[in-house]
2 protein chains.
Amino acid sequence: MITLALVDDHTMLRKSMAALLRLMGGFEVIFQASNGKELIEYLEDQTWPDLVLMDVSMPVMSGPETTRWLREHYPELKVVALSMVRSENTIIRMMSSGARAYLLKDAEPEELVRMLEEVHQHGFAHNEMVPSLPGRTVSSQPIQLSDQEKVYMQWVCSEKSHKEIAELMQLSPRTIDGYRDSLLKKLGVGSRVGIVMYALQHGIVAL
Amino acid sequence: MITLALVDDHTMLRKSMAALLRLMGGFEVIFQASNGKELIEYLEDQTWPDLVLMDVSMPVMSGPETTRWLREHYPELKVVALSMVRSENTIIRMMSSGARAYLLKDAEPEELVRMLEEVHQHGFAHNEMVPSLPGRTVSSQPIQLSDQEKVYMQWVCSEKSHKEIAELMQLSPRTIDGYRDSLLKKLGVGSRVGIVMYALQHGIVAL
DNA sequence: AATAGATTAGGTATAAATACCTGATTTTGT
DNA sequence: ACAAAATCAGGTATTTATACCTAATCTATT
């Protein structure tokens with residue numbers, strides 16, 4: 001019997017998958033969390049699961065963020081990424097953060113079971129998504145965003161102009177410009193739309 | 001025993017919810033589809049389910065689109081919307097397309113069961129999401145987008161400028177400006193970011 | 001053949017976003 | 001207490017985006 005923790009912000013998916021894994025047999029979901037922070041708090045004084053099935057985009061603490069934290073503090077704990085998107089960027093981010101495998105929410109339950117068993121036995125799993133990333137050197141250090149930059153990202157996904165954002169954040173429009181300049185550089189994108197897409201794809205801002 | 005059809009593009013969620021509903025008892029999932037078109041094709045020569053649990057954003061044929069088609073052709077068939085987003089716009093679009101209830105993927109399984117039973121019995125269900133829409137007259141006719149506008153929407157979610165988009169679409173930059181102007185008006189948004197958010201929230205462009 | 005509607009595209013003016021500077025103040029680590 | 005780093009904000013120039021015109025061309029319908 002393999003024990004699992006499920007981490008995903010959609011209650012319905014989480015509880016459903018727990019039901020599915022129960023029916024398929026061989027797995028026991030011993031904990032569910034709706035974001036990374038809840039998982040970390042749980043791990044402090046409870047028995048660990050064999051595997052963590054982790055969503056990518058979640059509020060409060062995202063998948064990559066949480067996976068990196070786990071690699072730092074509990075390196076033996078095995079994380080399997082569960083994601084909606086095929087985006088190469090997302091795959092790289094999860095895998096370079098320490099995930100052992102990357103599974104799509106599009107996948108069949110049989111694929112899920114196969115992958116969980118494989119990771120449990122060997123510590124990693126072969127799958128089609130991951131090796132499609134060639135020699136590209138992965139920028140393994142995560143992008144660090146300041147609190148203000150995160151607040152700005154929330155507004156940048158709205159129709160508000162920088163002047164309006166400045167009023168809302170009680171700062172000079174120039175400062176807001178500065179946040180944009182800094183994010184364009186940090187995220188490696190070329191326009192406000194690029195920031196918006198980054199924020200959404202990485203779960204920093206909810207759709 | 002209430003029979004159900006599940007329509008959602010994420011296999012994992014679909015099959016998991018089928019497992020969940022089986023465990024909770026009282027429901028039988030007799031058909032699953034990954035988009036509206038599959039459901040419609042199925043209905044042509046099969047027995048109907050009591051209820052359809054329908055995702056909003058799906059490829060090929062979306063939730064609102066499918067729900068409208070069902071209201072036209074099989075008005076007795078009851079649709080319950082299942083969505084990731086709280087966006088007022090999305091709620092309005094599903095409900096005015098003929099959905100009997102609107103449920104979040106964040107909800108608890110108990111809430112799901114309650115709502116399914118209620119819709120099955122009374123044809124509608126009370127929930128907190130929907131009545132939060134006051135007197136606002138709902139523009140019940142869906143927003144019609146031309147093919148070119150849809151192509152443009154794909155590019156507008158990238159970092160490309162209108163000059164670049166014009167080259168890609170083999171048209172004058174002025175024409176691209178025209179698409180933007182038209183979409184800003186049609187969608188009722190005020191900037192390019194507004195168009196991006198609309199496209200993503202409505203599944204016109206994939207994240 | 002005439003009308004309506006959609007598509008494409010030009011003109012012009014203003015507002016917003018981007019790029020790359022600079023420096024003052026505040027926080028943080030040691 | 002000191003140095004390093006982050007935060008906030010001003011200057012300036014260029015590029016994009018937005019708003020609101022007009023009009024030629026094509027298509028479908030009556």
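All chains are named by letter (A, B, ...) in the order of the sequence lines, taking the proteins before the strands, and each is independently numbered beginning at 1.
Pairing each heavy atom of B:Asn35 with each of B:Met61, the nearest pair is CB-O, 4.1 Å.
Straight-line distance from the CD1 atom of A:Ile165 to the P atom of C:dA16: 12 Å, rounded to whole Å. One atom, OH of B:Tyr179, and another, P of C:dT7, lie 7 Å apart when rounded to the nearest Å. Separating the CD1 atom of B:Ile176 from the C1' atom of C:dG10 is a distance of 14 Å, rounded to the nearest angstrom.
Side-chain N/O atoms of A:Gln148 include one lying less than 4.0 angstrom from OP1 or OP2 on D:dC8. Considering only side-chain N and O atoms, A:Ser146 lies under 4.0 angstrom from the phosphate OP1 or OP2 of D:dT7.
Under 4.0 Å is where a charged nitrogen must lie from a carboxylate oxygen, and between B:Arg114 and B:Glu110 no such pair does.
Atom NZ of B:Lys186 has more than 12 heavy atoms from other residues, nucleotides or ligands within 6.0 Å. Residue B:Phe124 qualifies as open at atom CZ: its count of foreign heavy atoms under 6.0 Å is 12 or below. Atom CD of B:Glu72 has 12 or fewer neighbouring heavy atoms from other residues, nucleotides or ligands inside a 6.0 Å radius.
The ring pair (Phe, Tyr, Trp, His ring centres under 6.0 Å) analysis of residues 162-181 of chain A, with sequence neighbours excluded, yields the pairs A:Tyr152-A:His162.
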Legend entry - Under 4.0 Å protein heavy-atom contacts per nucleotide of nucleotides 9-21 of chain D, with B for base, S for backbone only and - for none: BBBB---SSBBB-

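Side chains of A:Thr3 and A:Asp50: a donor on one and an acceptor on the other come within 3.5 Å.
Annotated stems with DNA chain C as a participant read C:2-28 with D:3-29, given as range with range, by first number; only runs of 3 or more Watson-Crick or G-U pairs under 3.5 Å qualify.
A 4.5 Å side-chain heavy-atom check between A:Lys105 and A:Leu82 finds at least one atom pair inside the cut-off.
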